[in-house]
Amino acid sequence: MQHLKNYINGELIAPLGTQYIDNYNPATGKVYSLIPDSDEKDVQLAYEAAAAAFPAWSLSPKEERSKLLMRIADLIDKNHEKLSRAESADNGKPIQLARTVDIPRAAANFRFYATGILHLSEEANIMENTAVNYTLNEPSGIAGCISPWNLPLYLFTWKIAPALAAGCTVVAKPSEITPMTAYLLSELCIEAGLPKGVLNIVHGYGHKVGAAITAHPGIPVISFTGGTKTGAEIARVAAPMFKKLSLELGGKNPNIIFADCDFEQMLKTTLHSSFSNQGEICLCGSRIFIERPLYEQFKKAFVEKTKELKAGNPADDKTRHGAIASKQHKEKILSYIALAKEEGGTILCGGQEVKVPGECAEGWFIEPTVIEGLSYTCRTNQEEIFGPVVTLTPFDTEEEALMYANSTQYGLAGIIWTQNLTRAHRVAQRLQSGIIWINCWLLRDLRTPFGGMKKSGVGREGGFEALRFFMEPKNVCIKLANSQ
Ligand code: TXE
């Protein structure tokens with residue numbers, strides 16, 4: 001049985017406590033590797049390595065950091081198939097999704113920040129005949145990066161790449177549910193010649209390793225992606241320590257479909273925005289609001305298409321609906337389907353656990369599920385399910401659609417379908433979401449600010465926002481010699 005290792009001070013080492021955690025393949029329901037059950041002692045070791053590496057790394061020319069990050073990106077590309085298979089086996093996502101989205105995006109994250117850092121300029125502000133001000137962007141220090149299990153390498157690198165590019169050294173923790181590709185990345189970092197201690201990856205439970213990173217007095221910056229509840233716990237610990245926080249949390253995103261939309265385009269994309277990655281993407285549109293004249297036509301066509309989406313072995317190229325990432329999460333999703341029925345919902349399709357024959361017979365699968373007839377205020381429509389479950393609700397006016405859409409505690413993403421672009425811009429401005437797509441979904445320009453409002457998070461990732469998050473601006477004001 002493969003024992004994964006922590007990556008500390010440039011080496012792959014066992015946890016100091018020599019304890020391990022079972023790592024499951026969600027498609028088979030079986031343990032297929034073991035990960036370090038690290039604790040605060042392993043985090044301390046990682047911190048010391050990151051601290052020792054910080055002076056040289058933070059003062060290194062950005063061109064040098066850029067070259068190293070590009071080398072890591074090239075190695076990700078070179079190992080694309082191995083990383084895709086590992087991601088699919090670890091998370092349960094279809095291999096086709098890992099190949100086309102997760103792994104290419106991980107390489108893109110490194111390339112984006114390897115080049116972005118070369119174009120980040122500093123400001124100067126002139127006080128006429130008096131003084132010159134210039135702003136230094138200095139790396140904040142050791143960054144703590146903590147990531148979730150739904151898009152493991154994609155989101156892990158989305159934090160690490162800007163942190164390293166900015167000149168920070170890193171103590172990182174992937175989710176204990178999907179550690180494999182982070183482990184494989186550490187091997188690639190060694191191969192790329194990343195100096196020891198610049199990146200340290202400590203595997204283990206959130207309440208032990210994640211909590212130790214959050215509470216460590218020597219780690220002034222925390223970038224977290226995960227559940228809102230965990231985000232609140234991290235903020236509770238980090239705020240009194242005056243740590244800088246980036247919190248990318250949960251969502252309950254509206255998908256507003258007006259009757260004048262491009263129906264075929266909308267239908268095809270809505271299938272993806274509802275069920276891609278088994279609905280385990282915080283950007284999925286899980287509450288679908290349809291203008292009443294289109295409701296029956298949409299319902300019929302959408303349910304028909306959803307029924308064609310069959311759960312299958314994630315390792316099979318043809319599979320488009322994989323396994324749920326953990327047994328616990330599968331139970332959570334099923335509990336919400338049961339709740340939806342109690343709250344008066346009608347299951348139009350799906351709603352059941354699926355038995356996939358053969359090697360996946362013990363795996364964790366749920367049918368894509370469509371529910372109608374719920375009030376917009378019920379728990380099913382207010383709480384994040386984070387699985388292959390969407391609800392349909394008709395609306396009559398724009399006002400009503402906006403009231404429904406903005407009624408939750410979340411404000412991450414929103415989707416609008418209409419060919420009346422005046423209306424599209426008007427609705428976009430009034431939607432309480434940080435990320436809005438009009439007549440598309442998950443079209444991503446990495447330069448754009450990424451994140452949500454309300455309980456979907458604090459701060460933004462992406463573009464120069466992420467680089468600046470890992471830096472401290474310092475203003476220097478010089479009096480001009482001949483000034484009064
Ligand atoms: O989160 P958890 P999950 C959200 C998504 C869903 C959740 C799914 O909407 O709500 O994340 O991810 C570690 N101190 N997003 O269930 O449990 C844990 O070990 C420090 C939003 O994994 O919060 C894991 O590594 N760390 C996002 C990580 O936190 C702790 C995109 C996340 O775990 C900890 C993706 C603690 N006390 C998912 N407890 C977006 N908005 O972009 C756990 N962890």
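In each ligand, atom 1 is the first atom listed, and ligand 1 is the first ligand listed.
Looking at ligand 1, you won't find any N or O of Glu233 less than 3.5 Å from one of its N or O atoms. For ligand 1, the polar-atom distance check against Leu155 finds no nitrogen or oxygen pair separated by under 3.5 Å. Taking only nitrogen or oxygen atoms, main chain and side chain alike, Lys173 reaches within less than 3.5 Å of ligand 1. Residue Asn150 has no N or O atom closer than 3.5 Å to an N or O atom of ligand 1. Any N or O atom pair closer than 3.5 Å counts here, and Tyr205 shares no such pair with ligand 1. Between Gly250 and ligand 1, no N or O atom pair is found at a separation short of 3.5 Å.
With a heavy-atom cut-off of 4.0 Å, Val237 does not touch ligand 1 at all. Contact annotation: for His329 versus ligand 1, there are no heavy atoms closer than 4.0 Å. At a heavy-atom distance under 4.0 Å, no atom of Leu283 approaches ligand 1. Proximity of Glu248 to ligand 1, defined as any heavy-atom pair under 4.0 Å, is shared by backbone and side chain alike. Heavy atoms of Ile281 found under 4.0 angstrom from ligand 1: none, in either backbone or side chain. Looking at Ile146 against ligand 1, only its side chain comes within 4.0 Å, counting heavy atoms.
Interface atoms of ligand 1 facing Phe450, defined by a heavy-atom separation under 4.0 Å, are 42 (O). Near Leu412, meaning under 4.0 Å from any of its heavy atoms, are these atoms of ligand 1: 41 (N). Every atom of ligand 1 with a heavy atom of Thr230 under 4.0 Å away is listed here by number and element: 2 (P), 17 (O), 23 (O), 30 (C), 34 (C), 36 (C), 39 (N), 43 (C), 44 (N). Interface of Pro174 with ligand 1, defined as ligand atoms under 4.0 Å from a residue heavy atom, comprises 25 (O). Atoms of ligand 1 found under 4.0 Å from any heavy atom of Glu176 (numbered from 1 in listed order, with element): 18 (C), 19 (O).
With respect to the salt-bridge test (charged N to carboxylate O, under 4.0 angstrom), the residues Arg99 and Glu81 qualify. Using a 4.0 Å cut-off between charged nitrogen and carboxylate oxygen, Glu461 and Lys159 count as a salt-bridge pair.
Comparing Trp149, Tyr154, Phe386 against atom 5 (C) of ligand 1, the shortest heavy-atom distance belongs to Phe386. Nearest residue to atom 4 (C) of ligand 1 from Ser326, Cys282, Ala413, Gly226 is Gly226 (criterion: closest heavy atom). Remark: among candidates Gly206, Ser175, Ser147, the nearest residue to atom 28 (C) of ligand 1 is Ser147, based on non-hydrogen atoms.
The aromatic rings of Phe112 and Trp158 lie tilted to each other, with the angle between the two planes from 30° to 60°. Using bins of under 30°, 30° to 60° and over 60° for the plane-to-plane angle, the ring pair Phe289/Tyr404 lands in the tilted bin.
For Lys355, the NZ atom sits in a packed shell: over 12 heavy atoms of surrounding residues, nucleotides or ligands are nearer than 6.0 Å.
A cation-pi arrangement is present between Arg105 and Tyr154 under the rule of less than 6.0 angstrom and at most 45 degrees off the ring axis. With Tyr24 as the aromatic partner, Lys30 does not meet the cation-pi criteria of under 6.0 angstrom to the ring centre and within 45 degrees of the ring axis.
Atom 33 (O) of ligand 1 is never approached by the protein to below 4.0 angstrom, counting heavy atoms only.
No side-chain donor from either of Ser88 and Lys93 sits under 3.5 Å from a side-chain acceptor of the other. Remark: the Gln44 side chain and the Glu40 side chain contain no N/O donor-acceptor pair separated by less than 3.5 Å. Side-chain N/O atoms of Tyr205 and Asp39 include no donor and acceptor closer than 3.5 Å.
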Please tabulate, for side-chain N and O atoms in residues 408-415, each donor-acceptor pair with protein atoms closer than 3.5 Å (sequence neighbours left out).
{"residue": "Thr408", "atom": "OG1", "partner": "Tyr410", "partner atom": "N", "Å": "3.1"}
{"residue": "Thr408", "atom": "OG1", "partner": "Tyr410", "partner atom": "O", "Å": "3.4"}
{"residue": "Gln409", "atom": "OE1", "partner": "Lys455", "partner atom": "NZ", "Å": "3.2"}

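Applying the salt bridge (charged side-chain N to carboxylate O under 4.0 Å, His left out) rule to pairs touching residues 167-188 yields Lys173-Glu176, sequence neighbours excluded.
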